[in-house]
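Just so we're on the same page: letters track the sequence lines, and every chain starts at 1. Reckoned from all heavy atoms, side chains included, excluding hydrogens, waters and symmetry mates.
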2 protein chains.
Amino acid sequence: MSVVTLRSRRADYSESTRQALVDSAVELFTKRGYAATSLDAVTKRARVTKGALYHHFSGKQALFEAAFSAVETAVLKRLGEVAVAGPGSPWDRAMRGVEAYVQACLEPAYQRIVIHEGPVVMGWERWREAEDHFSYGLIRTVIQSLIEAKEIVELPVEVTARMLFGALSSGATFLANATDPKKASAEVSNAITQVLTGLRIKKDD
Amino acid sequence: MSVVTLRSRRADYSESTRQALVDSAVELFTKRGYAATSLDAVTKRARVTKGALYHHFSGKQALFEAAFSAVETAVLKRLGEVAVAGPGSPWDRAMRGVEAYVQACLEPAYQRIVIHEGPVVMGWERWREAEDHFSYGLIRTVIQSLIEAKEIVELPVEVTARMLFGALSSGATFLANATDPKKASAEVSNAITQVLTGLRIKKDD
DNA sequence: CATCGGTACGTACCGGCGGTATGTCGTACG
DNA sequence: CGTACGACATACCGCCGGTACGTACCGATG
């Protein structure tokens, strides 16, 4: 449906080089960080020149934001299937979501680009706005559903979500740098479970 | 005691210019961020040249670390008086410590230099090592004392401290950007209190 | 008091990098 | 079939971190 006008071959090429630039950016930003990554390195890896880069993006920051969105979109896709959809009570889905998010945080690209460098490169305010549509928005939704379902005590959604977001990110960062990932993973999950259980309202039905 | 050899006037001057450079760096790194701050701007504000800067510091990173330590030392001084020393039970001191730490996080220099840009500029591993001797080390100590005093459930200290650290930082960042700081401050404190209370062991004595 | 060594800077310069201005080639379109 | 526009490539500029080198001044020493 709606395939009225064919997509031109030229547009395909353009989209392809744009994607190559984003992929290259994600790779290098993840490995070396934003500051230590030169645009020449990005274009070289994508087998184009700076002319192409500045044709598709307004500058280095815009390229970073494109990489940011790419990583977030990929992570959120995997995450949404587990936490938002899927069977079970709000509580069960939340617990599965936490588990899945911690796993997602282990991805180096997500850690470095989204969590660590995102606020610094984009500025906290802009980063926050972007995050509303991605991982943070999801966490916020989960918290809200838990409160509305009377699963946990009534807390201000915004603050609670922000702090849980921070705790999860820190936990995942710790986990990613741990010498014993198996053990650390269990510890993180356990700690989060303990905290959320501590906030849980005892059901008497 | 031990004033055997006088401190030379020359050494005083040297220390003074070093301090001026650090102060200038803290100011500019806080206002414009690390990347957007040129060394020329730092030296200009300190009324010296790059020769002086590179005499005292090995480079821009080393200057940042000096600024980092300066901010952390100042914050920790105020914090230690409240949380470590002072009267009351471990629980009471911990609660006062949390309160004080959230307040400390409101300082723009602490937020930007220590929390946000620290891990990015210094690298997470090195940042973590440095933090062991500063705020994180303090939080870790508080958590440990709470567990040893059987005030809260037994959790792995390292993970718990890391995640509480992340939660507090995120909470404070949210608080710093809130439109209604009074209300936000109360919400943050309340949320933290709820979480810690949820982890508390009911004493029956 | 003259000399001398070293510290604490200042000055001049280099290379790399982000960004820009301009040229060029091919493709779709009238 | 010309032509206009999109999709790049090329050449260049200015800023900034870092380095090499020069210099003035303090302090110890004979």
Selection from [options] that lies nearest to any side-chain heavy atom of [X]:
X     : options                : result
B:S14 : D:dA7, D:dG27, C:dA8   : C:dA8
A:L39 : D:dG27, D:dG17, C:dG19 : C:dG19
A:A52 : D:dG17, C:dG10, D:dC8  : D:dC8
B:V48 : C:dG10, C:dG19, D:dC8  : C:dG10
A:H55 : C:dG10, D:dC16, D:dG6  : D:dG6
B:S38 : D:dC16, D:dG27, D:dC8  : D:dC16
B:R9  : D:dG17, C:dA8, D:dG27  : D:dG27

(message) Let's test your reading of the model: under 3.5 Å, does the base of C:dG18 pair with the side chain of A:K50 as donor and acceptor?
(response) yes
(request) Name the nucleic acid region contacted by B:T43, choosing base, sugar-phosphate or nothing; use a 4.0 angstrom heavy-atom cut-off, strictly under. (result) nothing
(request) Assign B:S58 to base, sugar-phosphate, or nothing according to its heavy-atom contacts below 4.0 angstrom with the strands shown. (result)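 Nothing: the residue B:S58, judged by heavy atoms under 4.0 Å, touches no strand.
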(message) It should be established whether B:H56 places a side-chain nitrogen or oxygen under 4.0 Å from OP1 or OP2 of nucleotide C:dC9.
(response)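 For B:H56, the contact criterion (side-chain N or O under 4.0 Å from OP1 or OP2 of C:dC9) is met.
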(request) Could you tell me whether the phosphate oxygens of D:dC8, OP1 or OP2, come under 4.0 Å of any side-chain nitrogen or oxygen in A:T17? (result)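 Yes, because at least one side-chain N or O of A:T17 sits under 4.0 Å from OP1 or OP2 of D:dC8.
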(request) Between B:A11 and B:Y54, name the one whose nearest nucleotide on DNA chain D is closer to the 5' end. (result) B:Y54
Gap between atoms [atom1] and [atom2], on [X] and [N] respectively (whole Å):
X     : N      : atom1 : atom2 : value
B:F57 : D:dG17 : CZ    : P     : 15 Å
B:D12 : D:dC26 : CG    : P     : 13 Å
A:R47 : D:dA9  : CZ    : P     : 11 Å
A:D40 : C:dG15 : CG    : C1'   : 13 Å
A:L63 : C:dC17 : CG    : P     : 15 Å
A:Q61 : C:dC17 : CD    : C1'   : 15 Å
B:L53 : C:dT11 : CG    : P     : 15 Å
A:K60 : D:dC15 : NZ    : C1'   : 14 Å

(request) Please say whether more than 12 non-hydrogen atoms of neighbouring residues, nucleotides or ligands are located less than 6.0 Å from CZ in A:R96. (result) yes
(request) Kindly give the heavy-atom pair with the smallest separation between B:A104 and B:V75, and that separation in Å. (result)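 Heavy atoms of B:A104 and B:V75 come nearest at CB-CG1, 3.8 Å.
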(request) For residues B:S169 and B:F165, report the shortest heavy-atom separation together with the two atoms involved. (result)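 That would be OG-O, 2.8 Å.
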(message) I'd like to know if the side chain of A:S145 reaches the main chain of A:V142, judged simply by a donor and an acceptor atom lying under 3.5 Å from each other, with no hydrogens or angles considered.
(response) yes
(message) Would you say that B:N177 contacts B:T173 through its side chain, given a criterion of any heavy-atom pair below 4.5 Å between the two side chains?
(response) yes
(message) Under a 3.5 Å cutoff, is there a donor and acceptor pairing between the side chains of B:S135 and B:Y110?
(response) yes
